[in-house]
Trainee: 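My questions all concern the structure below.
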Amino acid sequence: MAAEQQPNDKLTRLLASGWSIAGYSTTMMAAGTMTHSVLLQKEHVLISATIVAEGDHEIGRAFTMLAPAPETKKRRF
C-alpha cells in the first residue's frame, strides 16, 4: 500500500498505526453465520473488534474499548 493512501476501514487503520493482535477467536452461530473476534493491544489499551460474516459476505463490525474502562455515569435513585 502506498504511503499516501489511507485505508478505508478502522481495523486496517488500527493495525497500520501500530496496534498488535493479542488474541483471536471464531464462533459459529446459527445458519452458518460466523463471528470473528480480534483483541487488539497498543501499550496498556485494549480494543475488541468483532466481525460478523455469512460466507464471504460481511454483515457488520463493532469495536469495543475494553481497557481502560470507559467512565460511566453513576445513577442516583
Side-chain angles (χ1 to χ4, degrees):
M1 176 184 312
E4 65 276 353
Q5 289 181 324
Q6 290 294 321
N8 61 359
D9 71 271
K10 184 174 182 175
L11 182 55
T12 300
R13 286 193 309 269
L14 288 168
L15 291 170
S17 68
W19 288 78
S20 299
I21 296 175
Y24 180 86
S25 70
T26 299
T27 305
M28 181 176 281
M29 298 169 57
T33 302
M34 304 285 287
T35 61
H36 305 280
S37 299
V38 182
L39 181 64
L40 300 165
Q41 180 177 14
K42 188 172 188 181
E43 297 178 6
H44 66 281
V45 181
L46 291 175
I47 294 176
S48 172
T50 303
I51 301 165
V52 180
E54 193 172 292
D56 291 338
H57 176 70
E58 184 176 304
I59 296 170
R61 291 181 181 218
F63 292 85
T64 305
M65 175 71 72
L66 300 175
E71 291 186 31
T72 58
K73 293 183 180 180
K74 293 184 180 181
R75 293 184 179 193
R76 293 183 182 179
F77 293 96

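All residue numbers in this chain count up from 1 along the given sequence. Both backbone and side-chain heavy atoms feed into the values below; hydrogens, waters and symmetry mates do not.
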Trainee: With L15, which residues qualify under side-chain contact (heavy atoms from CB on, under 4.5 Å), at least two apart?
Mentor: L11, I21, L40

Trainee: Measuring from I59:CD1 to I51:CD1, what's the distance to the nearest 0.5 Å?
Mentor: 12.0 Å

Trainee: Grouping I, L, V, M, F, W and Y whenever their side-chain heavy atoms are under 4.5 Å apart, do Y24 and L66 come out in a common cluster?
Mentor: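 Each belongs to a different hydrophobic cluster.
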
Trainee: Nearest 0.5 angstrom please: E54 CD to T33 OG1, how far?
Mentor: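 Answer rounded to 0.5 Å: 4.0 Å.
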
Trainee: So, does K10 use its side chain to make a donor-acceptor pair with the main chain of F63 at under 3.5 Å?
Mentor: no

Trainee: Mind listing the closest non-hydrogen atom pair of L46 and M65 along with its distance?
Mentor: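 Looking at all heavy atoms of both residues, the closest pair is O-SD, 3.6 Å.
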
Trainee: So do T64 and T50 actually touch side chain to side chain, heavy atoms under 4.5 Å?
Mentor: no

Trainee: Measure across A22 and Q41 and return the closest heavy-atom pair with its distance rounded to 0.1 Å.
Mentor: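 That closest heavy-atom pairing would be CB-OE1, 3.9 Å.
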
